[in-house]
A.B. asks: 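Questions regarding the structure given below will be posed in turn.
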Amino acid sequence: MQYRGLLAQYRALLNLPAHTRPITLLEGNTPLIPAPHLAHELGGGFELFIKYEGLNPTGSFKDRGMTAAISEAAGRGVTTVICASTGNTAASAAAYASRAGMKSIVLIPQGKVAAGKLAGAVAYGAQVVQIDGSFDDALAMVVEISNKHPIALVNSINPYRIEGQKTAAFEICDVLGQSPEWLCLPVGNAGNITAYWAGFRQYNDLKWCGLPRLLGVQAAGAAPLVLGHPVEKPETVATAIRIGKPARGEQALEAADESDGRIIAVSDEEILHMQKILAKLEGIWVEPASAAGLAGLAHQVVHEKLDLRGKRIVAICTGHGLKDPDIVTKGLHQPILVAPRLDALEQVILGEGKAT
Ligand code: F0G
């Protein structure tokens, strides 16, 4: 049977009002890819899977929440939606709003949004407004404006975003037959970790699939949940999670605590290293923020001697590498140039007759 999108798949488990009118791009149903080489690199003896959320229609996990939020808004006749975003929410909101025939307005922090995300928001037809400030400033502004005008807010403060994003937990349990022992994922505004925990708890109540321990990972320069206070000027190469005052921070801390897990911080170097080895060892290219969950796992193994033997781990890779190509090409020398002759090519790739 043809896959008809998340709302069709899991509607009975989602707390959405009766007026909801499904707007879908057939999001979700993303693959859970085994990562044996990376597991080996991290010491081996455990099973590692990547939930590759970059394969959603607009290239990030936001589409799960957006199908729910936009469908609810469409069902009550909303004509304009707004969000603050580090980029992925913007692209997703713009795509789903266009599909619903709505206008979308997206507020982004000036100069800190990766090229593929901004291009998406523009291509899908959003009105893009740069704020001379941070994501946190932009979020405060969209909250205020949506209280004042008939414009629907589609950030993850919107409860329907969480309903949609819960479905990733359902999919993991459906594929594995039970929850993994650990779930690692990046944490920015903290909607996603909140959604996963809600999803696993709901599925466990229904199907006794167990609960994972949550490893939420922030970037060291934007780690309010690790520091225990807001960060006024968050900084990280992982611009998606460059957030100093997470809207669902309390819930994220509760979820980590209830699951007997933790929220930790990793350096930009650890994030970029993980992004690189994931692509190199497994052929999975993700944007920097998306590598943070795995970087956190590696950090726990190396520095905290976390014992993973015999365990099953799922890492959520939230966005596609194509979202942020500049990170990879920035320090790159131009690829080598050869004359269009076979001998010239042989010289370069075989050297003195030997393949390297
Ligand atoms: N990974 C990526 C690729 C993201 O874009 C985000 C958040 C996160 C992880 C963190 O998820 O906020 O639910 O804790 N991006 C938001 C945005 C803030 O505007 O696109 P979270």
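Throughout, residue positions are numbered sequentially from 1 according to the sequence presented. Since we're looking at a predicted model, the values are computed, not measured. We count ligands from 1, going down the list as the structure has it; atoms in each ligand are counted the same way.
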A.B. asks: Have a look at ligand 1 and work out which part of Ala190, if any, has a heavy atom under 4.0 Å from it: side chain, backbone, both or neither.
C.D. replies: backbone
A.B. asks: Any N or O on Lys117 sitting closer than 3.5 Å to an N or O of ligand 1?
C.D. replies: no
A.B. asks: For Glu287, is there an ion pair with Lys117 - N to carboxylate O distance below 4.0 angstrom?
C.D. replies: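 So Lys117 pairs with Glu287 through a salt bridge.
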A.B. asks: Could you grab the distance from atom CZ of Arg161 to atom CG of Asn192, nearest 0.5 Å is fine?
C.D. replies: 8.5 Å
A.B. asks: Taking heavy atoms and a distance under 4.0 Å, where does Ile193 meet ligand 1: side chain, backbone, both or neither?
C.D. replies: neither
A.B. asks: Determine, considering heavy atoms only, which of Gly87, Ala93, Gly188, Ala240 sits nearest to atom 4 (C) of ligand 1.
C.D. replies: Ala240
A.B. asks: Among protein heavy atoms, which lies nearest atom 12 (O) of ligand 1, and at what distance?
C.D. replies: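 In this structure, atom 12 (O) of ligand 1 has Asn189 N, 2.7 Å as its nearest protein heavy atom.
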A.B. asks: Between Lys323 and ligand 1, which part of the residue brings a heavy atom under 4.0 Å of the ligand: side chain, backbone, both or neither?
C.D. replies: neither
A.B. asks: Verify salt bridge (Lys or Arg N to Asp or Glu O under 4.0 Å) between Glu47 and Arg312, making sure each step is shown before the conclusion.
C.D. replies: CA-CA 5 Å; Glu47 265 187 295; Arg312 206 179 235 186; 3.1 Å; yes
A.B. asks: Taking atom 2 (C) of ligand 1 as the point of reference, which of Thr318, Asn192, Ile162, Val217 owns the nearest heavy atom?
C.D. replies: Thr318
A.B. asks: For the pair Trp285 and His320, name the ring-plane relationship: parallel under 30°, tilted 30 to 60°, perpendicular over 60°.
C.D. replies: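 Taking His320 first and then Trp285, their aromatic rings stand perpendicular (interplane angle over 60°).
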A.B. asks: Counting only heavy atoms, tell me which of Phe61, Phe135, Tyr196 gets closest to atom 6 (C) of ligand 1.
C.D. replies: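 Considering heavy atoms of Phe61, Phe135, Tyr196, the nearest to atom 6 (C) of ligand 1 sits in Phe61.
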A.B. asks: For Ser290, is at least one N or O under 3.5 Å away from an N or O on ligand 1?
C.D. replies: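 The answer is no, given that Ser290 and ligand 1 share no N or O pair closer than 3.5 Å.
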A.B. asks: So is there a nitrogen or oxygen of Asn88 less than 3.5 Å from a nitrogen or oxygen in ligand 1?
C.D. replies: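 Yes; at least one N/O pair falls below 3.5 Å.
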A.B. asks: Give the numbers and elements of all ligand 1 atoms closer than 4.0 Å to a heavy atom of Ile243.
C.D. replies: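 Near Ile243, meaning under 4.0 Å from one of its heavy atoms, ligand 1 has 18 (C).
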A.B. asks: Counting only heavy atoms, which portion of Leu185 has something under 4.0 Å from ligand 1: side chain, backbone, both, or neither?
C.D. replies: neither
A.B. asks: Compute the shortest N/O to N/O distance between Thr89 and ligand 1 and return yes if it is under 3.5 Å, no if not.
C.D. replies: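 There is such a contact, yes.
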A.B. asks: What distance do Tyr10 atom OH and Thr167 atom OG1 have between them, rounded to the nearest 0.5 Å?
C.D. replies: 7.0 Å
A.B. asks: For Ala198, check side-chain contact (heavy atoms from CB on, under 4.5 Å) against everything at least two apart and list the hits.
C.D. replies: Lys166
A.B. asks: Walk me through it: do Tyr203 and Asp174 pass the test side-chain hydrogen bond (donor to acceptor under 3.5 Å, both in side chains)?
C.D. replies: CA-CA 10 Å; Tyr203 233 44; Asp174 284 345; 2.7 Å; yes
A.B. asks: Could you go through the salt bridge (Lys or Arg N to Asp or Glu O under 4.0 Å) check for Asp136 and Lys245 one step at a time?
C.D. replies: CA-CA 6 Å; Asp136 305 291; Lys245 294 177 200 144; 5.8 Å; no
A.B. asks: Of the backbone atoms (N, CA, C, O) and the side-chain heavy atoms from C-beta on, which set of Lys62 has a member under 4.0 Å from an atom of ligand 1: side chain, backbone, both, or neither?
C.D. replies: side chain
A.B. asks: Which other residues belong to the hydrophobic cluster containing Tyr196, where Ile, Leu, Val, Met, Phe, Trp and Tyr are joined when side-chain heavy atoms lie under 4.5 Å apart, directly or via other members?
C.D. replies: Leu32, Phe49, Ile172, Val175, Leu176, Leu183, Leu185, Val187, Ile193, Trp197, Phe200, Leu211, Leu214, Leu225, Val226, Leu253, Ile263, Val314, Ile316
